[in-house]
Amino acid sequence: MKPRILIVEDERAIRLALSGLLRREGYEVEQAERGGEAIERLGGEAFDLVLTDLALGAGASGMDVLRHSRELQPETPVVMITAHGNEKVAVEAMKLGADDYVPKPFDNDEIRMVVRRGLERTRLARENRLLRARVERDYGMGQLIGAGSAMRRVFETIQKVAETDLTVLVRGESGTGKELVAQALHQHGSRRSRPFVAVNCAAISRELVESELFGHEKGAFTGADARRAGRFEAASGGTIFLDEIGDMPLETQAKVLRVLQERSFERVGGRAPIEVDVRVVAATHRDLEADVRSGRFREDLYYRLKVVEIQVPPLRERPEDVPALVERFLENLGERLGRPPKEVSSEALACLCRHPWPGNVRELRNVVEQAAVLASGENIGAQDLHLDHAAAGAGPAPTSGLDALPFSDAKRRAVEAFERVYLLRALHENDGNVSRTAAAVGMVRQSLQQKIRELGLRSDDGSLVDE
Ligand SMILES: Nc1ncnc2c1ncn2[C@@H]1O[C@H](COP(=O)(O)OP(=O)(O)OP(=O)(O)O)[C@@H](O)[C@H]1O
Ligand SMILES: [Mg+2]
């Protein structure tokens with residue numbers, strides 16, 4: 001496609017000379033004699049470059065053409081032709097967004113060069129934009145990978161709300177990438193050069209959560225031997241990410257609500273209100289609606305947080321993202337190890353796409369990295385994947401073949417089958433450590449020990465029995 005140039009020049013002789021010159025250069029050339037005519041055409045047709053005289057007789061001037069061109073076709077460069085000795089106007093034009101200027105009288109080489117330069121810049125700008133858009137569309141935003149439409153919708157929402165200061169609630173199962181979404185919101189907004197402060201509300205003890213968030217004055221409590229700024233202050237001007245907000249104690253919820261409403265708080269043990277300018281992003285994997293109903297979570301805070309809600313879908317609902325994620329994880333691992341990334345066989349990839357991933361992207365990442373490290377060659381095959389088939393529900397359903405048994409026997413067997421699957425998965429998740437598993441599933445350690453013996457979950461060498 002030939003580049004299209006619009007020449008705006010009231011002097012017929014110059015106009016014809018310019019269009020002849022540029023046509024010979026291989027461009028498609030359109031001409032306008034008056035500024036108004038040029039502006040009208042800019043409203044209806046696309047041009048790759050506008051070359052306009054500054055003085056255009058009566059009516060709209062070259063400056064008007066420039067102004068309208070910037071507005072109607074912001075990517076199209078405008079080159080001004082100015083009368084000799086009128087550099088001040090030329091500078092003015094550049095300030096208004098003109099790309100370049102040529103003083104009259106000009107020679108043909110000058111025009112050729114200025115036009116070529118302008119067109120080259122547009123080409124590069126467009127190419128860049130397309131490339132960026134394509135990369136973002138195909139693979140995601142920054143660190144966030146997503147090839148399918150589900151994640152694309154997430155990216156679109158991020159893009160739309162990142163520039164605003166609206167409070168965002170990110171929801172999704174564990175390991176779906178909620179933290180990465182929060183980071184992307186920060187990175188794509190105007191606060192990107194200011195701090196991003198993540199607070200894991202579930203990991204801070206009840207006693208310390210307030211001093212952690214709001215800071216404390218010296219002597220506020222035993223051990224507070226110096227004044228300390230909290231996370232809200234640390235995030236000043238930037239974004240505070242309240243992760244696992246569903247796990248925050250009720251008393252703290254009230255204080256956080258106040259920050260959201262009044263944009264100010266007090267340090268623990270302090271009286272003076274401190275103003276904060278922070279953007280709040282919160283995340284949870286919990287069913288907040290249920291928590292509101294049961295009184296575990298404040299309803300007013302719930303509504304304050306969910307101004308914008310971003311739901312990150314579980315990985316099993318977007319298997320189309322698996323190949324791109326696998327590729328990225330292998331690349332990252334290769335970089336960390338200083339080796340070229342290993343390849344995945346199509347059979348292995350098919351397994352990965354079929355797996356239901358109860359632990360979502362985090363689990364996929366672990367499985368892929370483990371396989372890459374353990375695979376002996378450069379290729380990762382299906383046999384290198386250690387997928388948790390208990391969780392995948394592979395193999396016979398635990399209740400198959402029970403129909404013929406009396407109810408009490410059938411029930412005992414079904415419960416046993418359930419216990420096996422459930423406890424094996426929990427044990428695996430905790431590396432076989434009985435105390436940790438017991439804590440994770442809410443059992444007394446001794447009962448879990450007993451169950452492990454009853455169900456024969458360990459072989460004689462102490463390893464877990466998988467099948
Ligand atoms: N879309 C994605 N692209 C690339 N990596 C991802 C993506 N989603 C998740 N990950 C990776 O998976 C892991 C878990 O992500 P993240 O910590 O953001 O999940 P989460 O939803 O906050 O989980 P949790 O609820 O357990 O805190 C991280 O290592 C992250 O880098
Ligand atoms: Mg998280």
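Just follow the structure's listing: the first ligand is 1, and inside any ligand the first atom is 1.
- Considering backbone and side-chain atoms together, Gly146 places no N or O closer than 3.5 Å to any N or O of ligand 1.
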task: Could you please spell out the steps behind the side chain to side chain contact (heavy atoms under 4.5 Å, CB included) verdict for Leu6 and Leu51?
output: CA-CA 6 Å; Leu6 177 64; Leu51 181 61; over 6 Å; no

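- Under the 3.5 Å distance criterion, with hydrogens and angles disregarded, no donor-acceptor pair is assigned to the side chains of His216 and Glu210.
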Show me the donor-acceptor pairs, under 3.5 Å and distance only, between side chains in residues 195-202 and residues at least two apart or in other chains.
| residue | atom | partner | partner atom | Å |
| --- | --- | --- | --- | --- |
| Asn200 | OD1 | Ala202 | N | 3.0 |
| Asn200 | OD1 | Ala203 | N | 3.4 |

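- Under 4.0 Å is where a charged nitrogen must lie from a carboxylate oxygen, and between Asp225 and Lys218 no such pair does.
- Nearest to atom 31 (O) of ligand 1 among the protein's heavy atoms is Arg365 NH1, 3.2 Å.
- Closest approach of Gly177 and Leu144 over heavy atoms only: O-CD2, 4.4 Å.
- Arg116 and Glu120 are not joined by a salt bridge, as no carboxylate oxygen comes within less than 4.0 angstrom of a charged side-chain nitrogen.
- Shortest non-hydrogen contact noted between Pro313 and Ala150 is CG-CB, 3.8 Å.
- By the 4.0 Å heavy-atom criterion, Gly175 is counted among the residues contacting ligand 1.
- Under a 4.0 Å criterion applied to the non-hydrogen atoms of Val361, ligand 1 contributes the atoms 6 (C), 7 (C), 8 (N), 9 (C), 10 (N), 11 (C), 12 (O).
- Atoms of ligand 1 lying under 4.0 Å from at least one heavy atom of Leu144, given by number and element, are 1 (N), 2 (C), 3 (N).
- At the shortest separation from atom 25 (O) of ligand 1 among protein heavy atoms lies Lys178 NZ, 2.6 Å.
- Using cut-offs of 30° and 60° on the angle between ring planes, the pair Phe214 and Phe265 is tilted.
- At the top of the distance list for atom 22 (O) of ligand 1, counting protein heavy atoms only, stands Glu179 N, 3.3 Å.
- Nearest to atom 2 (C) of ligand 1 among the protein's heavy atoms is Ile145 N, 3.5 Å.
- Below 4.0 Å from some heavy atom of Leu325 lie the following atoms of ligand 1, by number and element: 2 (C), 3 (N), 4 (C).
- The nearest protein atom to atom 16 (P) of ligand 1, hydrogens excluded, is given as Gly177 CA, 3.7 Å; this is a heavy-atom distance.
- Summary of contacts: the protein heavy atom closest to atom 30 (C) of ligand 1 is Leu180 CD1, 3.7 Å.
- Between His285 and ligand 1, no N or O atom pair is found at a separation short of 3.5 Å.
- Taking the six-membered ring for Trp and the full ring otherwise, the centers of Tyr302 and Phe297 sit at least 6.0 Å from each other.
- Ranking the protein heavy atoms by distance from atom 4 (C) of ligand 1 puts Gln143 O, 3.3 Å first.
- Checking only distances, Arg318 never comes within under 3.5 Å of ligand 1, N or O to N or O.
- For atom 26 (O) of ligand 1, the closest non-hydrogen atom on the protein side is Ser174 OG, 2.6 Å.
- For the 3.5 Å distance criterion, the side chains of Gln187 and Gln183 fail to qualify, holding no donor opposite an acceptor.
- At least one heavy atom of Glu244 sits closer than 4.0 Å to an atom of ligand 1.
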